[in-house]
Structure formats: structure tokens, C-alpha cells
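Worksheet: the structure to be examined is printed underneath.
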Amino acid sequence: MDVIFHEKQQGSLCAQHCLNALLQGPYFTAVDLATIGHRFDEEERARMAEAGVSSDEYNRFLQEPSSNVDDSGYFSVQVISEALSVWGLELIPYNSSDPRAAVARQCPMNENAFICHYRDHWFSIRKLGRQWFNLNSILSGPELLSDTYLSLFLAQLQTDKYSIFIVVGDLPSCEADKVLALAPLSPRHFRKAPTKKQEPEEDDEQLKAALAMSWKEMEEGDDQEALNKAILQSLQSSQPIGEPQMAAKAPQVNFNAVVDDDLKRAISLSLAGDQEESCSSTAAEASTSSAITDSIEFIRQRRLLRLGQPTASPNNP
């Protein structure tokens, strides 16, 4: 979106940034706006002096700071409105009883631009081509807004106590308007403008993949725990009465690998065969240990195949 003129925040010059973003060019400087503000101050001072320069009201007025401009670079709505009048543009409060405001509230996407203000901060929203952009100077770049999100965005700004003004009139022609009219931005840009190092869409896909893997691992972990318990019970039941439990002698097995249904059945059949063939405690222990060893090796080979790693024989790991 390099074709769109966008000034980033400098000091408290948001009014300057707001106007230049709206007009899509460096048309105003802080000096230009300060000149307009001081002119308003003089006009207000002259009106107050009509009641008498010795009145308490006039003296209080002189002691108060300017409501149009200050040293930080803030400018009032009167200054912004006067600056736009040079271009034949007018500001109308969004919630006013003006019929044009009522039409704008019903269908804001049919307007050309809006100016928003809250706590000494100004920013503009403008249509370029057939698409809307949030040109707030505190953003890293222009933010592309869909028509639907524009209405929601304006509603949210009102909830947050922003003052919204409709810009009425023909905005000056600009290069961005021409380019975007012929080549609108694709829907993938309909999100807040990120820095160049950020890839929000890729991050979303990676997050979804990570969540899916997490759920899969949790489900497999539950299945694995159930299998471990079944094997342990099978080993215990294979012991003759009066003999110590084989679970204490059996080697500990790590069943964290992924085991499918076929492998589970193979292990169960192997254990069942060992139990039927066991005639004594010593024979049962040897047979069961052999079955577990074979099962472990089978699981390990299966895991290597799933991970795409070369398999190795038990004697050559």
C-alpha cells in the first residue's frame, strides 16, 4: 500500500497528519494550522472586548489558554474545519440532526470520508477507489476496512466516546484513488496493517495446526494410558497364585509412541499366547519378557517409519 499517502505520528501533530492523510498529500504544516488557530484567537478576543476590556469576563478570557492551538501542536475542530473549507469541504457531526448525517448513519459506506477525534487525537478514514482505509497516524500503515467492518468500526468508536465528523464535498484527486479504482487490494489485506516482520495469516494457520496437533496428542495420550493399564493387568493375571507379581520384575516400557489399532491387537494376541503357554512362573516370565521386547521393537520401528527416519535392526540400532 505504498501508493497511499500516510504520515506517522510525530509529537502531537495528529491534526496535521489527519488532514494530509485525508487529502492524500503534504498540504498542511503545523505553521499553517497554527496561523489559522491564532486568527481564531484574535477574533474571539475581539468579540470578548466588545463587552469592555475592563470586565471580569474579559480578564478571565485573557488568562485562559487558547482553545484553538497550543504549544504541543494540538488544534481544535474549528481549525480543522477552516483548513478544509479551503478545499470546499465541510464537516458535519455524525450524530447531528442534519439530514445528511442521518443518511450517513444508515449507510456509511456511501460517504467519502470521516474524521474522528478523542482526547486530543485526530485521525481520518477515507474511501480510496472502492475501498475504505483507516489512516490513523499511530498505525504502522493504512488499515484496509471492509464495508461491513466500517459500520462496526464507527459504532465501536462511538461506544469509545469518539467524536465523528462526516467530510462532505469532493475530495481532491489523488494517485491512490486512481490506482485502487483499477486494482483494488485483495481480501487478504483486510486486517490491521502489520509491520514487515509480521505474517498474521501464516501465524493464524500455524496456530490452527498447533491446536490440532495438541488435541491429537491428548487423545493419543489417553489411548496410550488405557493400553498401558490393560497390558499391566494382563501381566499380573498371568502370574500363578502365590507367586510374586511380575509387574515388579517386568522392564518398564515407554509407550509414548503412536500405536494404531493393529498394533494394539498384535500386542494383545502376543500376550494372550504367552499366558496360555506358560506352565510355570519362570516360563511365564521369560515368555512375557520376550513378547514385551518384541512389542517394543515393533513400536520403535513403526515410530521411525512414521517420522520418515531409516529403521535399524535390534542388533544394529
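Two different hydrophobic clusters hold Val79 and Ile92 under the rule that ILVMFWY side chains link at heavy-atom gaps under 4.5 Å. Cluster annotation: Leu19 and Leu139 are assigned to distinct hydrophobic clusters (Ile/Leu/Val/Met/Phe/Trp/Tyr, side-chain heavy-atom contacts under 4.5 Å, transitive). Tracing side-chain contacts under 4.5 Å through hydrophobic residues (I, L, V, M, F, W, Y), one reaches Leu84 starting from Tyr74; they form part of the same cluster. Under the 4.5 Å side-chain contact rule for hydrophobic residues, Ile164 and Leu150 share a cluster. The hydrophobic clustering, which links ILVMFWY residues whose side-chain heavy atoms are closer than 4.5 Å, places Ile80 and Val86 together.
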Please tabulate, for side-chain N and O atoms in residues 118-128, each donor-acceptor pair with protein atoms closer than 3.5 Å (sequence neighbours left out).
| unit_1 | atom_1 | unit_2 | atom_2 | d |
| --- | --- | --- | --- | --- |
| His121 | NE2 | Asn136 | OD1 | 2.9 |
| Trp122 | NE1 | Phe75 | O | 3.1 |
| Ser124 | OG | Cys18 | O | 3.3 |
| Arg126 | NH1 | Leu22 | O | 2.7 |
| Lys127 | NZ | Met109 | O | 2.8 |
| Lys127 | NZ | Glu111 | O | 3.4 |

Could you go through residues 25-38 and list every donor-acceptor pair under 3.5 Å that involves a side-chain atom there, pairing it with any protein atom two or more places apart or in another chain?
| unit_1 | atom_1 | unit_2 | atom_2 | d |
| --- | --- | --- | --- | --- |
| Thr29 | OG1 | Val31 | N | 3.4 |
| Thr29 | OG1 | Asp32 | N | 3.2 |
| Thr29 | OG1 | Asp32 | OD2 | 3.1 |
| Asp32 | OD2 | Thr29 | N | 3.0 |
| Thr35 | OG1 | Val31 | O | 2.8 |

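The CH2 atom of Trp132 sits 13.5 Å away from the CD atom of Glu143 when rounded to the nearest 0.5 Å. Here the straight-line distance linking atom OG of Ser137 with atom CD of Glu7 works out to 8.5 Å at 0.5 Å rounding. Rounded to the nearest 0.5 Å, atoms CG (Leu152) and OG (Ser146) are 7.5 Å apart. Taking CD1 of Ile4 as the reference point, atom CG of Asp177 lies at 10.0 Å (rounded to 0.5 Å).
Phe153 is linked by a ring pair (Phe, Tyr, Trp, His ring centres under 6.0 Å) to Tyr149, counting only residues two or more places apart in sequence or in another chain. Here His6 pairs with nothing under the ring pair (Phe, Tyr, Trp, His ring centres under 6.0 Å) rule; sequence neighbours left out. Applying the side chain to side chain donor-acceptor pair (under 3.5 Å) criterion to Gln10, with sequence neighbours excluded, gives no partner residue. Residues forming a side chain to side chain donor-acceptor pair (under 3.5 Å) with Asn68 (at least two apart in sequence, or on another chain): Asp41, Glu44, Ser76.
Listed for the Ser81 side chain is no donor-acceptor partner under 3.5 Å among the backbone atoms of Gln78. In terms of modelled atom types and a separation under 3.5 Å, the side chain of Gln24 and the main chain of Ala176 share no donor-acceptor contact. Side chain of Glu90 to backbone of Val168: no donor-acceptor contact under 3.5 angstrom is found.
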Stepwise side-chain contact (heavy atoms from CB on, under 4.5 Å) test for Leu91 and Val167: CA-CA 5 Å; Leu91 291 183; Val167 180; 3.8 Å; yes
Ile166 and Asp98: CA distance, side-chain angles, deciding distance, side-chain contact (heavy atoms from CB on, under 4.5 Å) verdict: CA-CA 11 Å; Ile166 309 163; Asp98 191 300; over 6 Å; no
side-chain contact (heavy atoms from CB on, under 4.5 Å) between Asn95 and Arg105, intermediate numbers included: CA-CA 8 Å; Asn95 287 327; Arg105 290 194 297 271; 3.9 Å; yes
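Looking at Tyr94, Phe165, Tyr162 one by one, the single match for side-chain contact (heavy atoms from CB on, under 4.5 Å) with Phe114 turns out to be Tyr94.
Annotation: Asp160, atom CG; neighbour count of heavy atoms from other residues, nucleotides and ligands within 6.0 Å is above 12.
Considering all non-hydrogen atoms of both residues, Ala101 and Pro93 come closest at CB-O, 3.6 Å. Between Lys8 and Ser140, the shortest heavy-atom contact is CE-O, 3.2 Å.
A salt bridge between Arg45 and Glu42 is present, with a side-chain N of the basic residue lying under 4.0 Å from a carboxylate O of the acidic one.
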